[in-house]
Amino acid sequence: MYEKIINGDLSGDVRIVDLRSDTISKPTPEMREAMFHAIVGDDVYGEDPTVTDLEQKAAKLLGKEDAVFVVSGTMANLIAIMVHCNQRGSEMISGDNGHTFRFEQGGPAQIAGVQTAILKNNEDGTFSLDELRNKIRKNPDFHEPVTSLIIVENTHNMCGGKVLPLDWLEKVGNIAAEHNIPVHMDGARIMNAAVYLKVTPKRVARDVDSVCFCLSKGLGAPVGAILAGTKSFIIKARRVRKALGGGWRQAGILAAAGLVALDKMIDRLAEDHAHTLKIAKAIVDVNSKIFKVDLKAVETNIFIMYLDTTKLVARDFQHRLAEVRQTDPIRVSVKASSRDAECVRFVTYWEITDKEVDLAIQKIVFVIKEFEDTFKE
Ligand SMILES: *Cc1c(COP(=O)(O)O)cnc(C)c1O
């Protein structure tokens with residue numbers, strides 16, 4: 001059913017440009033080569049040298065004492081939450097558009113037994129510092145849960161890949177420190193943030209106690225994420241990972257791709273950022289009344305296009321974008337994702353080259369103009 005929706009009428013000459021997510025990205029030829037040659041061992045025994053190498057390099061990159069290689073960003077976040085919120089009756093504070101709150105199946109509640117208190121996310125992925133201060137439970141009496149963690153997300157996925165301002169992060173860190181509460185950064189795309197800000201990943205993660213990032217998104221690795229923090233935090237994280245079934249054996253096969261990702265795929269993220277901006281600008285240039293992009297908000301490899309829901313909903317647009325009709329002059333199928341009825345999300349990654357960008361623009365502009373014509377009368 002879903003395949004039908006996204007593929008439409010695809011005849012042989014149709015090119016597909018998949019902008020749904022950077023998770024679509026495939027491992028590079030160099031990664032496959034490194035995986036083939038990887039020296040491996042049993043990582044549960046701590047004997048996989050490639051995993052250890054990846055963990056140490058990632059820890060250094062993030063400016064943390066130690067790191068652990070895990071299956072996914074979701075697992076990295078859950079482990080961080082379980083280590084930080086290790087007493088029953090814990091509460092963590094998150095933005096209402098945060099990935100851990102919206103898209104991790106309530107894992108913190110379901111598995112960790114942790115309640116989430118939410119703050120309204122601003123459009124740039126931040127939340128109000130005054131509201132944060134209010135949400136923190138000071139000297140909670142025996143009725144109340146105990147505030148045990150603050151989570152921030154960088155770049156912010158649902159806020160269109162926005163980069164958290166460094167001075168805001170510092171303020172969150174200061175408030176947290178005042179109340180002796182740790183901060184975890186869901187930095188699934190922290191490397192995009194660092195590249196955008198032209199600072200080191202270490203600088204971006206400076207004011208948080210723990211941080212994770214995905215190797216399998218814009219960095220192109222097939223599987224895996226890194227969770228980093230203090231030595232004692234990572235010792236506990238390894239225990240929790242094992243309990244969650246995340247102890248793995250010759251994981252060096254995967255870590256080898258992760259090492260290539262760290263080495264070769266970070267600096268080039270700037271190309272992805274330029275590509276999203278180019279697509280976003282092409283949409284703005286149509287000057288549509290129905291479809292809008294705020295160019296100031298386009299910072300990294302994700303952007304969001306808003307549409308007038310009195311005319312159509314995101315699904316209508318996505319469908320037309322992916323479909324190629326017999327009579328269509330442009331033989332391109334573009335796949336995009338949506339957050340809700342009024343937003344379509346586009347994401348770029350290493351396989352979206354200049355050529356794919358141009359094809360995508362042709363199709364997107366074509367479809368926008370077609371809808372404009374439809375609603376002109
Ligand atoms: C993708 C994503 C995750 C989860 O990562 P998976 O590897 O897909 O489990 C967590 N946080 C953010 C912000 C993400 O975009």
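Both ligands and their constituent atoms are indexed starting at 1 by order of listing. Here the structure is a predicted model, which is why all the values come from computation and not from measurement.
Residue Met75 does not touch ligand 1, judged by heavy-atom distances below 4.0 Å. Neither the backbone nor the side chain of Thr23 has any atom closer than 4.0 Å to an atom of ligand 1 (non-hydrogen atoms only). Here Glu104 has side-chain heavy atoms under 4.0 Å from ligand 1, and that is the only part of it that gets that close.
Listed by number with element, the atoms of ligand 1 under 4.0 angstrom from any heavy atom of Arg189 are 15 (O). Close contacts of ligand 1 with Cys214, meaning ligand atoms under 4.0 Å from a residue heavy atom, involve 5 (O), 7 (O). Residue Gly73 approaches ligand 1 through these ligand atoms, each under 4.0 Å from one of its heavy atoms: 4 (C), 5 (O), 6 (P), 7 (O), 9 (O). Set against the non-hydrogen atoms of Thr74, the atoms of ligand 1 under 4.0 Å away are 4 (C), 5 (O), 6 (P), 9 (O).
Cluster note: Val347 groups with Ile302 through ILVMFWY side-chain heavy atoms spaced under 4.5 Å, whether in direct contact or through intervening members. Hydrophobic cluster of Met158: the remaining members, joined at side-chain heavy-atom separations below 4.5 Å, are Phe103, listed by chain and number.
The shortest contact between atom 11 (N) of ligand 1 and any protein heavy atom is with Asp186 OD2, 2.6 Å. Protein heavy atom at the shortest distance from atom 13 (C) of ligand 1 is Glu153 OE2, 3.2 Å. When only non-hydrogen protein atoms are considered, atom 1 (C) of ligand 1 lies nearest to Lys217 NZ, 1.2 Å.
For the pair Lys289 and Glu372, the salt-bridge criterion is not met [side-chain N within less than 4.0 Å of a carboxylate O]. A salt bridge links Arg331 with Asp13: the closest approach of a Lys/Arg side-chain nitrogen to an acidic carboxylate oxygen falls below 4.0 angstrom.
Looking at Cys343 and Ser338, their side chains never come closer than 4.5 Å, going by heavy atoms from C-beta outward.
Nearest approach of Pro222 to Ala257, heavy atoms of both residues: CD-CB, 3.5 Å.
Using the six-membered ring where Trp is involved, His84 and His184 have ring planes that are tilted, between 30° and 60° apart.
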